[in-house]
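Here is the structure we will look at, set down as structure tokens.
Indexing begins at 1, ligand by ligand and atom by atom, following the structure's order.
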Amino acid sequence: MRILVIGSGGREHALAWALAGSPLCDKLYAAPGNPGIAQEAECVALAASDVPGIVAFAARERVDFVVVGPEAPLVAGLVDRLEAAGIAAFGPGAAAARLEASKGFAKDLCAAVDIPTAAYRRFTNASAAKAYVREHGAPIVVKADGLAAGKGVTVATEVAEAEAAIDQALIDRQFGAAGAEIVVEEFLAGPEASLLALVDGFNVLPLVSAQDHKRVGDGDTGPNTGGMGAVSPAPALTSAIDAAAVAAIIKPAVAAMAARGTPFKGVLYAGLILTEAGPKLIEFNVRFGDPETQALLPRLKSDLLPALIAARDGDLKDFDLRWDGRPSVTVVLAAKGYPGEPKRDGEIRGLDRATADPAVHIFHAGTRRDGARLVADGGRVLNVTALGATMAEARRRAYDAIAKIEWSDGFYRRDIGGF
Ligand code: AMP
Ligand code: GLY
């Protein structure tokens, strides 16, 4: 088969690495890819947002299957356009991608079918939103309705902070149209977990769990980022809670989407908070998580490609995946300045030495080739994943590998997988 992966981050490097290992894959392309993905695939200079360009390329190169990494092209209808052109693609169409594209839509769907989630109200009017915040008090959470590149959520510890977030979205239009509507919701306390499942429109195949670490600093301090590391499985998610979340959150959402005539196909990612009253949904994503995927895929023993094809073909019933029982730890190496303006262009060396241990995988995110040199070119730059007999061993291996990487502009959290 001729396969095309869309995207250029660490998630897409992990996907490309897994797909390149499939005996079914004869040729792998990535658009636009990155220097790590280029070790697995032929990278083509097409932006992930270039829907017509991608459809034309896939048709011209007789691509059999397209795997879309990021949410924006899914929301823009890339899968609809590919399928209309006769090219099979993994991921939801635009109508089902609304689960991520509109938090208000997702919340209303949860309310309609009793999916446990934070109590909420939708607002377009700032004074009404502030009155609601004053009535409920802090802590309280303010979210831009639409896609805001991970920056649209404010977990406010004071009423004034929530009011400022309301103004930023509704008055200052800091998130543009994505923040013209907001959701104000109850603060949920508890450990977080990411639960991802392949979905074929009707059937659900849960993956092993993961936990992201969103704050920039050790001990979950500092501003939110796209994710500074992940572990799999999520330590707080016992198999009983995992099963409860699949039954109470993922399956009813999939059934509700099918019932409204917009069945969901692809990977459904439920961000959970494990409250004392059970797991509750904080958000749906309609794609693989980043960096969760970098922690999950090295644990996958089965071939990823047939599973993605089965999801697209409506064939997941009775499908099974085998997983490595060993836990994994993924540490993100970010460039100084991140999540603000990252320091770019510093040379990175030592990756070959760092991956000498076969239990270690390095996935590129924000890197670029400058002649023969590899240089930093983004906020999150590298992902270092290691497997181990225990989480502690996986953690030790990941940090041992990081110690071999030479890059003076980088930093990372030291507490992924435990201190
Ligand atoms: P999101 O961008 O929706 O994943 O939210 C970013 C982060 O904000 C999440 O990972 C949580 O840590 C936090 N968060 C979102 N919603 C809530 C909530 N209702 N209660 C507590 N924390 C939340
Ligand atoms: N790791 C969070 C996300 O992918 O949205």
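Residue contact check: Phe187 has heavy atoms under 4.0 Å from atoms 20 (N), 21 (C) of ligand 1. Annotation for ligand 2: atoms under 4.0 Å from non-hydrogen atoms of Asn285 are 5 (O). For ligand 2, the atoms sitting less than 4.0 Å from at least one non-hydrogen atom of Arg287 are 3 (C), 4 (O), 5 (O), numbered in the order shown with element in parentheses. Contact atoms of ligand 2 toward Asp212: 1 (N), 2 (C) (distance under 4.0 Å to a heavy atom of the residue). Remark: ligand 1 atoms within the under-4.0 Å shell around heavy atoms of Lys103 are 3 (O). The Val141 neighbourhood of ligand 1 comprises atoms 16 (N), 17 (C), 18 (C), 19 (N), 20 (N), with distances under 4.0 Å to a heavy atom of that residue.
When only non-hydrogen protein atoms are considered, atom 10 (O) of ligand 1 lies nearest to Glu192 OE1, 2.9 Å. Of the protein's non-hydrogen atoms, Val155 CG2, 3.9 Å is the one closest to atom 14 (N) of ligand 1. Remark: minimum distance from atom 22 (N) of ligand 1 to any protein heavy atom is reached at Ile273 CD1, 3.7 Å. Nearest protein neighbour of atom 2 (O) of ligand 1, counting heavy atoms only, is Val153 CG2, 3.4 Å. For atom 7 (C) of ligand 1, the nearest protein heavy atom (residue, atom name, distance) is Asn224 ND2, 3.9 Å. Scanning all protein heavy atoms for the shortest distance to atom 19 (N) of ligand 1 gives Glu185 OE2, 2.7 Å. Of the protein's non-hydrogen atoms, Ile282 CG2, 3.7 Å is the one closest to atom 17 (C) of ligand 1.
Residue-level proximity to ligand 1 for Asp212 is absent, since no heavy atom of it falls below 4.0 angstrom. Contacts of Arg11 with ligand 2, taken as heavy-atom pairs under 4.0 Å, are absent altogether. Contacts between Glu186 and ligand 1 below 4.0 angstrom, taking non-hydrogen atoms only, involve the backbone exclusively.
With respect to Asp64 and Arg2, no salt bridge is recorded, no charged nitrogen being found less than 4.0 Å from a carboxylate O. Under the 4.0 Å criterion applied to side-chain N and carboxylate O atoms, Arg121 and Glu185 are not assigned as salt-bridge partners. Salt-bridge formation is detected for the pair Arg413/Asp220: a Lys NZ or Arg NE/NH1/NH2 atom is positioned less than 4.0 Å from an Asp or Glu carboxylate oxygen. Looking at Arg368 and Asp345, a side-chain N of the basic residue comes within less than 4.0 Å of a carboxylate O on the acidic one, giving a salt bridge.
When only interatomic distances are considered, the shortest N/O to N/O separation between Glu292 and ligand 2 falls below 3.5 Å. Residue-to-ligand polar distances place Leu188 within reach of ligand 1: an N/O pair is separated by less than 3.5 Å.
In this structure, the separation between CG on Leu237 and CG on Asp242 is 4.5 Å, given to the nearest 0.5 Å. One distance of note links CG of Asp212 with CG of Asn224; it measures 9.0 Å at 0.5 Å rounding.
For Gly289, the closest heavy-atom approach to ligand 2 falls below 4.0 Å. The shortest heavy-atom distance from Gly226 to ligand 2 is under 4.0 Å.
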Full working for salt bridge (Lys or Arg N to Asp or Glu O under 4.0 Å) between Asp357 and Arg397:
CA-CA 8 Å; Asp357 179 344; Arg397 281 188 175 143; 3.5 Å; yes
Could you walk me through whether Met257 and Leu99 pass the side-chain contact (heavy atoms from CB on, under 4.5 Å) check?
CA-CA 9 Å; Met257 291 301 283; Leu99 278 177; 3.9 Å; yes
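A distance of 6.0 Å or more separates the ring centres of Tyr269 and Phe284.
The residue among Lys143, Lys214, Glu283 with a heavy atom at the shortest distance from atom 15 (C) of ligand 1 is Lys143.
Residue Asp108 forms a salt bridge (charged side-chain N to carboxylate O under 4.0 Å, His left out) with just one option from Arg122, Arg98, Arg260, Lys103, and that option is Arg122. The residue from Val375, Asp409, Val381 that alone fulfils the side chain to side chain contact (heavy atoms under 4.5 Å, CB included) condition with Ile348 is Val381.
Ring geometry, Phe57 versus Tyr29: the interplanar angle exceeds 60°, so the pair is classed perpendicular (tilted spans 30 to 60°). Using a 30° and 60° split on the angle between ring planes, His361 and Phe363 fall in the parallel class, below 30°.
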